[in-house]
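The structure appears right after this line, and notes come after that.
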Amino acid sequence: MASVGENYVRLVGGDLVSSIITDTPSMRIEVLRRETVGRMHWHFRQPELSLFWFGKGAERLRATIDGRPVERRFPGKSKLAIFPAAIEIEGEWNVGPTLDYTVVFLNPSFVGERLQHAITNPTVAFEHDGLTRGLAELCREAASPDNVFSLMAEGWSIQALAHISRVSERSQQPSNELRGGLPGRSLRRLEEYVRNNLIQPICLAELSEIAGLSKRHFLRAFQESVGATPYNYVLSLRINEAKRRLLETEDSIVDVALATGFSHAQHFSTSFKKATGVTPSAFRQRCLS
């Protein structure tokens, strides 16, 4: 499945084997099943606040969310995720061989009229009995909607917004609580610098200067904030940009390698396979077939 707009993208690997999609004035609900083997690439940025409910097959998500590396497992009942409007997620799922999931896209106008503040904090792999019970009923009704389904969906959407707002507020961790870590503004500057200079060699001295710290202090603070070394962080952004180019352009493997900062195609292929488990050409063929 692939949909790309001017500012938004929704690229999902694997094969879509079933879908139920129902639109109402307050939201759109999609009940989906995909089949894949091993890892499934995912690149997602949409204009709506979205709520995901993952069922059978969801094991682990390893991705960047607005440039910050995130790794989450989905044990037990921890099958829910909230992604704010316009936030970007790119990475890979360990799934399958079948992945069942439901996603609710809440109408931006509907959300804006009912919330005084925007939801900006993604929350991944949490459990919430109220949301889960409501989603289960919503999915059953969406399978055969009648002439009052929109009314039911509107009532559910209002309740869900309240739950989502509370969950998001509880999971928010101010940057000043990250002991010794980097503030959010420094992380955003670093991400912007790396993305704008992917084809150039990026050294530790440049990154520490942007953060306004010595190399030693920068290494410690960066590791605490991001959970990865600067080298692995830069490499992950390069790999993610390479995935985007492999899926969204017809550039050759050599051109993709050079455009994402790898010195030659062999280095790119080796690094890409180590990160994803497949070669660049196999990745392109699997996701676009």
Side-chain angles (χ1 to χ4, degrees), residues 8 10 12 19-33 42 44-61 63 65-66 68 70-89 93 99-146 148-175 177 184:
Y8 300 104
R10 190 178 178 190
V12 188
S19 66
I20 299 173
I21 301 175
T22 308
D23 281 293
T24 76
S26 61
M27 51 82 122
R28 181 175 79 258
I29 179 171
E30 301 182 5
V31 183
L32 308 167
R33 170 171 288 184
W42 189 36
F44 180 87
R45 185 173 186 266
Q46 292 292 290
E48 304 98 343
L49 170 66
S50 55
L51 173 66
F52 281 77
W53 180 29
F54 298 102
K56 177 183 176 182
E59 297 176 3
R60 182 181 68 182
L61 173 65
I65 299 180
D66 273 358
R68 296 192 65 168
V70 170
E71 183 172 343
R72 293 289 187 275
R73 294 185 180 274
F74 291 76
K77 295 182 179 179
S78 300
K79 302 295 188 182
L80 297 168
I82 299 165
F83 295 114
I87 199 165
E88 185 170 17
I89 307 103
W93 282 94
L99 173 64
D100 293 322
Y101 64 104
T102 298
V103 55
V104 174
F105 297 95
L106 291 160
N107 184 297
S109 298
F110 179 88
V111 174
E113 291 170 0
R114 288 161 177 80
L115 283 185
Q116 296 181 348
H117 60 281
I119 292 175
T120 59
N121 184 48
T123 310
V124 185
F126 70 96
E127 67 175 276
H128 191 287
D129 288 341
L131 283 172
T132 301
R133 283 195 302 270
L135 281 164
E137 182 180 7
L138 196 65
C139 289
R140 288 193 298 269
E141 295 285 340
S144 54
D146 56 18
V148 294
F149 178 74
S150 291
L151 181 62
M152 175 194 173
E154 181 178 3
W156 179 87
S157 297
I158 293 172
Q159 288 187 329
L161 266 180
H163 290 316
I164 289 170
S165 180
R166 288 173 176 170
V167 169
S168 182
E169 288 175 2
R170 285 198 299 268
S171 64
Q172 180 70 49
Q173 184 181 36
S175 59
E177 291 183 6

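This structure is a prediction, so every number in the text was calculated from the model and none was measured.
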(message) Evaluate W156 against V104 for side-chain contact (heavy atoms from CB on, under 4.5 Å), listing each step before the verdict.
(response) CA-CA 11 Å; W156 179 87; V104 174; 3.8 Å; yes
(request) List the atom of C139, the atom of W53, and the distance in Å for their closest heavy-atom pair. (result) SG-CZ3, 4.1 Å
(message) Measuring from atom CZ of F52 to atom OG1 of T123, what distance do you get when rounded to the nearest 0.5 angstrom?
(response) 13.5 Å
(request) Hey, could you give me the CG/CD1 distance between L32 and I21, rounded to the nearest 0.5 Å? (result) 6.0 Å
(request) State, yes or no, whether a side-chain contact exists between I87 and F44 at a heavy-atom distance under 4.5 Å. (result) no
(request) Would you indicate whether the side-chain heavy atoms of I82 and L49 approach each other to under 4.5 Å? (result) yes
(message) List the residues meeting side-chain contact (heavy atoms from CB on, under 4.5 Å) with K77, not counting sequence neighbours, and say none if there are none.
(response) E127, D129
(request) Decide yes or no for L80 and V167: does some side-chain heavy atom of the first lie under 4.5 Å from some side-chain heavy atom of the second? (result) no
(request) Enter the distance from R166:CZ to H128:NE2 here, rounded to the nearest 0.5 Å. (result) 8.0 Å
(request) Taking the side chain as every heavy atom from C-beta outward, state whether L61 and F54 have any pair of such atoms under 4.5 Å apart. (result) no
(message) Could you check whether any side-chain heavy atom of I65 comes within less than 4.5 Å of a side-chain heavy atom of V124, counting everything from C-beta outward?
(response) yes
(message) Between S165 and L161 (side chain of the first, backbone of the second, donor and acceptor by atom type, cut-off under 3.5 Å), is there such a pair?
(response) no
(request) Output the distance between atom NE2 (H163) and atom OG (S168), rounded to the nearest 0.5 Å. (result) 14.5 Å
(request) Identify the two heavy atoms, one from A85 and one from P47, that lie closest to each other, and give their separation to 0.1 Å. (result) CB-O, 3.2 Å
(request) Might you work through the side-chain contact (heavy atoms from CB on, under 4.5 Å) test for E30 and F105, ending with a clear yes or no? (result) CA-CA 8 Å; E30 301 182 5; F105 297 95; 3.7 Å; yes
(request) Would you please indicate if the ring centroids of Y101 and W93 are separated by under 6.0 Å? (result) no
(message) L138 vs F149, test: side-chain contact (heavy atoms from CB on, under 4.5 Å). Steps then yes/no.
(response) CA-CA 9 Å; L138 196 65; F149 178 74; 4.1 Å; yes
(message) Cation-pi check for Y8 against R10: NZ or CZ below 6.0 Å from the six-membered ring centre and within 45 degrees of the axis, yes or no?
(response) no
(request) Only counting residues at least two apart or in another chain, list the ones meeting side-chain hydrogen bond (donor to acceptor under 3.5 Å, both in side chains) with T22. (result) none
(request) Locate the shortest heavy-atom distance separating S157 from S26; write the atom from each residue and the value. (result) OG-OG, 3.2 Å
(request) May I have the step-by-step check of side-chain contact (heavy atoms from CB on, under 4.5 Å) for V111 and I119, ending in yes or no? (result) CA-CA 10 Å; V111 174; I119 292 175; 5.9 Å; no
(message) Could you tell me if the side chain of T24 sits less than 4.5 Å from the side chain of F110, heavy atoms only?
(response) no
(request) Check whether any side-chain heavy atom of N107 sits under 4.5 Å from a side-chain heavy atom of P25, and report yes or no. (result) no
(message) The criterion is side-chain contact (heavy atoms from CB on, under 4.5 Å); which residues satisfy it with E88, sequence neighbours excluded?
(response) H43, R45, D66
(message) I'd like to check L106 versus E48 (side-chain heavy atoms, cut-off strictly below 4.5 Å). Are they in contact?
(response) no
(message) Within this structure, what is the CD-CG distance for the pair E59 and L99, rounded to the nearest 0.5 Å?
(response) 9.5 Å
